[in-house]
Number of protein chains: 6
Amino acid sequence: MRPSQRQPDQLREVEIIRHYTKHAEGSVLVKFGDTHVLCTASVDEKVPPFLRGKGQGWVTAEYGMLPRSTGSRMDREAAKGKQSGRTQEIQRLIGRSLRAIIDLEKLGERTIHIDCDVIQADGGTRTASITGAFVALQDAVTLLMENGLLSESPLKDAVAAISVGVYQGEAVLDLDYLEDSECDTDMNVVMTGSGGFVEIQGTAEGVPFEREQMDHMLDLAALGICELIAKQQEALGA
Amino acid sequence: MRPSQRQPDQLREVEIIRHYTKHAEGSVLVKFGDTHVLCTASVDEKVPPFLRGKGQGWVTAEYGMLPRSTGSRMDREAAKGKQSGRTQEIQRLIGRSLRAIIDLEKLGERTIHIDCDVIQADGGTRTASITGAFVALQDAVTLLMENGLLSESPLKDAVAAISVGVYQGEAVLDLDYLEDSECDTDMNVVMTGSGGFVEIQGTAEGVPFEREQMDHMLDLAALGICELIAKQQEALGA
Amino acid sequence: MRPSQRQPDQLREVEIIRHYTKHAEGSVLVKFGDTHVLCTASVDEKVPPFLRGKGQGWVTAEYGMLPRSTGSRMDREAAKGKQSGRTQEIQRLIGRSLRAIIDLEKLGERTIHIDCDVIQADGGTRTASITGAFVALQDAVTLLMENGLLSESPLKDAVAAISVGVYQGEAVLDLDYLEDSECDTDMNVVMTGSGGFVEIQGTAEGVPFEREQMDHMLDLAALGICELIAKQQEALGA
Amino acid sequence: MRPSQRQPDQLREVEIIRHYTKHAEGSVLVKFGDTHVLCTASVDEKVPPFLRGKGQGWVTAEYGMLPRSTGSRMDREAAKGKQSGRTQEIQRLIGRSLRAIIDLEKLGERTIHIDCDVIQADGGTRTASITGAFVALQDAVTLLMENGLLSESPLKDAVAAISVGVYQGEAVLDLDYLEDSECDTDMNVVMTGSGGFVEIQGTAEGVPFEREQMDHMLDLAALGICELIAKQQEALGA
Amino acid sequence: MRPSQRQPDQLREVEIIRHYTKHAEGSVLVKFGDTHVLCTASVDEKVPPFLRGKGQGWVTAEYGMLPRSTGSRMDREAAKGKQSGRTQEIQRLIGRSLRAIIDLEKLGERTIHIDCDVIQADGGTRTASITGAFVALQDAVTLLMENGLLSESPLKDAVAAISVGVYQGEAVLDLDYLEDSECDTDMNVVMTGSGGFVEIQGTAEGVPFEREQMDHMLDLAALGICELIAKQQEALGA
Amino acid sequence: MRPSQRQPDQLREVEIIRHYTKHAEGSVLVKFGDTHVLCTASVDEKVPPFLRGKGQGWVTAEYGMLPRSTGSRMDREAAKGKQSGRTQEIQRLIGRSLRAIIDLEKLGERTIHIDCDVIQADGGTRTASITGAFVALQDAVTLLMENGLLSESPLKDAVAAISVGVYQGEAVLDLDYLEDSECDTDMNVVMTGSGGFVEIQGTAEGVPFEREQMDHMLDLAALGICELIAKQQEALGA
């Protein structure tokens, strides 16, 4: 039995709230249970120096946690003067995941900045971030089309992410903080709406995991992603 | 007529939501109109090095803005590797304001960290921060008392803050972003529940201001603070 | 009785020495008693990026303290790798104060950098800095006119600054370090030659202050500024 | 046909040279074809602050590239003043991989610092680093045992790493730089000598990958790891 | 003929003013012509971590230039967030030079911090710094003896420094900025009162220099140091 | 007798291996006994901002030590976020030494970046770096000529460097780490192939040194440089 009382293949309650703040072109509060992340998409009508004049756009992401989003207060990265390795790892993952489903040439010479800021953390902040960020990105793209800045959507597919792990020998879906702390393996899986893998990152926290466990975890992840894609579409009114 | 259609002495709609996130000892979302700030109070059972062994506690504050809390996206301070002068100025102001109404010896050898993070900005983020942070601080103190860690409240008074300015020659209360951009003078006033001044910071943005205007602004500020103190008490159920 | 034996409305001995160093367009050593600050004005024939092509100039200020300008040695900010919040607060104040009395369009597309470096500190370094910096700025402007780079002075007024405080219940002018450490309220006031307020920053160090004390402090400040403006004009031979 | 003319399941020539430099407790130059990495293990008889007094040791890793290890010169991270996100990601991966096969309690209260410095790069620097670092770690542990500081080896297993990818629709092993630049998917796999997974990190560079491709890549990786573990044992004279 | 009209072996006018500021244990303004440096010595009753419990003291130096001490304004190092290579080179040289003439064991477990801040620069700031810093150090040591904290002086000798160069083929003493910019070789020589060499740093700016020129420069330097040592003794009233 | 058993005028075994890595335009592993430094020369077809449009090129150098190149592990400068004063001093010295023997106008508007990375340290890393860097620079220049980018060599002379010291009262050549730690004076001398001095940096570590010792050290240095220049020419096949 999982600490959260959930079935092995059961997601936490997922909520996706659009237009959460008023300034951003896309602004989504995503909740995976007690994990709450604000994802915004900001359109900037220029590209970074390495892309200038190449006829394509860019999507990039930054990630942060409010100092007391966690059980004990963390130091503020702005005050420490640098982002941790974990933060950089996560924001690079979010950026790659979104770039996998957008046609950067169709986006044109502009940048969409994704900001994922964790308001409250209970495990799975990176998977919630990717799942929410896609909706914010879709909203920003829709606005660009409504404003006549894009005639065709550069989005090729949807994308979402979920964690899976091995808890007391059994593969389980969508770990919360307590489960994550006690489980042997933690794997984050990013998949498209059409079921392709975009990213897989698995780490054996205690004992190495076997191929069979891996196969089971991937099965669970695919189920979870399916549900998340449906939640995204529902939120988008599609 | 003000751009916001408000009367010169009229505050924006103020909302104070307690227990907004689950981990912090005090967690308050404060809204001054479209300005939304999450204020948390985190108790740490030690003091900074300069106070060790002196038999007193400490209250300190940090401030941040989410990158897209504003009309156009700002660079993330954690990514730039340093806090701006403006950020430091504001967090020092918040810290001094709260220390003015707490008896640090009665607090005992512990630190209360206040974090004010702007979710959405529309002018007046520092005054909203101070006003919300007091409620979070009160909640944290109450919890310390309930847990038997404090037998007596170290809080000596309430504290709140409001901005005043001169708009088209007339003193007005609680400037929003649009009014702030167009007004000649911007003054932030921090006062206690019993009506004493804690901080006054006035800046002539365009033309210098006269003593008479100053007197009028201080009158307005006192009125606004009175209302804010009442809102705080109401939120606290006092 | 004040520790300094001065009357409540008595400034310290003020000395303004022009042409103190040879390279700067304006170079002033200003003394408020034992507080000695070297203020230089350096003309740079370009503007910062955010002003390029806007047909106006810029005045900006930096502030520093020599490590042993104070009673016990402070760490050197260049060695620590960052400026403190206090330093940034002061240099932003100096910059705003000077920009309040100069017509930036008349200055043309050039920057005047003000550097205020404290050689010896005994309280009131920010007010001495502003008072001395104005004279350095005037000298730099005069030189630009003599060299035919400006046909008309962009300076609209003079500006000076002074501190006031409440010492043992009485408002007193121009606090030295000892008085500042022991007083309840510390207020810095920046005013123009024609008597308008440019900046007011008041902080209750111990107990909050009342409106009546505030009024008395502002009266004293106006008197002190008057004397300082006269000293500036005398130094400038006007 | 692969650009390198290798069979899909063929590793580059692997060379493991022990005792490459004289000061380190373990010092290994590992070559995966033209990728050359110097891996050293340094024993430090203390632990980081978060582990003090907990009766266990620590293994941590740092990674760097010499500025001209690559085709065009990269900026030196020491001169830029910070490590890139990529560098941090890699050194965290190396550290986790080694900690997976060592019993930190048996190691005792000491730290082993692993440094992986890339002398020449041609793709696969992180997998070469992990593979070489294990040998350096083994040498350092052996030395601790010879010196009587450890009575029993804390190493529970061997560990090695290899990359796999999808090149023109086919899964291939051990990508060099040219193949990596042109392939659709890049997956790094870390496994133990007994065949358990420690880390899996797969990224779709162009099009998402399918479950079947993933299965094929994992099969190839297992083969490659097997060979690498044999090379390690051979180098260690085991 | 030198641009300064001086004879090849002629120093600039040297002035050494003690007790220039009031807080430091030693405070000396030293002038080598138009080069003016404030040298302070600050006593700190502890030693840096690497010397704790070793029964000896430490002397260390920091160096800085006010932004407009030079012909065109330099960026402030505190604002840039780091000290330049040149600054670090100079402060390391000053520290080594002073440690060469002090018995650190006799100094006891305390640190003397030397700060050399250039108020106005016209070449030779590092040699003026060393020459003035010795006097400040002597004053600090004398004060420690007067206060009974030292029973015996730890100073073993005096120390001073001067530059020499090759200008239009001829060796010349004590280069000012103009001469330094145009000369082929620049050599800084640090010597003790008894004529021993402490540091020699010679750089061929244009063409390499010959052994004979070097010999001539060293002769000139010895003469100059002799005069400087006499000036120091005179200033110290010895 | 020297700890190394060498004669006072005897160099360590010197080895110069060209084409050590494959990417750089010049790549040399230089060994002075157990001191091994990898020196690369990288051609960049642009110049730093301060030289743009001036019709000349630039040669600049960076220096680093691998963390475990030394007897006990040093912190990695990239991880600490800054280069030490010693590192900066050395890389400035290498850059100046190389610029002394190259005609920057003949080099054309391009930069040659020299990177000296210490693989294993046993004293004399800076002199080995300069000696090896010259060979790498020569190789890069030859390649530019072979590729038709230069029609004439901008190199005016060769350059090499060696240390000398006073060990137990006697001048000795080419100090290794053990000798360096125990000797009274340490002098680094950089000379051209035609025997001119480029840099001399001598430091009295313990007691000041006398003119006669200095003369003897310079004699030794000239001998050592002669041998090193011959080794360079031999390696270059000249």
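This structure is a prediction, so every number in the text was calculated from the model and none was measured. Here is how names work: the chains are called A, B, and so on, in the same order as the sequence lines, proteins then strands, and each is numbered from 1.
Within a 6.0 Å radius of OH in A/Y167, more than 12 heavy atoms belonging to other residues, nucleotides or ligands are found. Annotation for A/E13: atom CD does not count as buried by contact number, only 12 or fewer foreign heavy atoms lying within 6.0 Å. Taking a 6.0 Å sphere around NZ of A/K46, one finds it holds 12 or fewer heavy atoms contributed by other residues, nucleotides or ligands.
The contact between A/K82 and chain B is made entirely by backbone atoms, counting heavy-atom distances below 4.5 Å. There is no contact between B/S72 and chain A, counting heavy-atom distances below 4.5 Å. Heavy-atom distances place both the backbone and the side chain of A/I119 under 4.5 Å from chain B.
Of the residues considered (B/E77, B/R76, B/Q83), B/R76 shows the highest number of contacts with chain A, using heavy-atom pairs under 4.5 Å. In terms of heavy-atom pairs under 4.5 angstrom with chain A, the leader among B/D44, B/D115, B/D34 is B/D115. For the set B/H113, B/H36, B/Q88, B/Q91, the count of heavy-atom pairs under 4.5 angstrom toward chain A peaks at B/H113. When A/P67, A/A24, A/G81, A/S27 are compared by the number of non-hydrogen pairs under 4.5 Å with chain B, A/A24 comes out ahead.
Contact between A/R68 and B/T40 at its shortest, heavy atoms only, is CB-OG1, 3.7 Å. Looking at every heavy atom in both residues, B/T70 comes nearest to A/H23 through O-CB, 3.3 Å.
Of the possible polar contacts, none joining the B/E62 side chain to the A/A79 backbone as a donor-acceptor pair under 3.5 Å is found.
Residues A/L66 and B/T21 fail the side-chain proximity criterion, which asks for heavy atoms closer than 4.5 Å.
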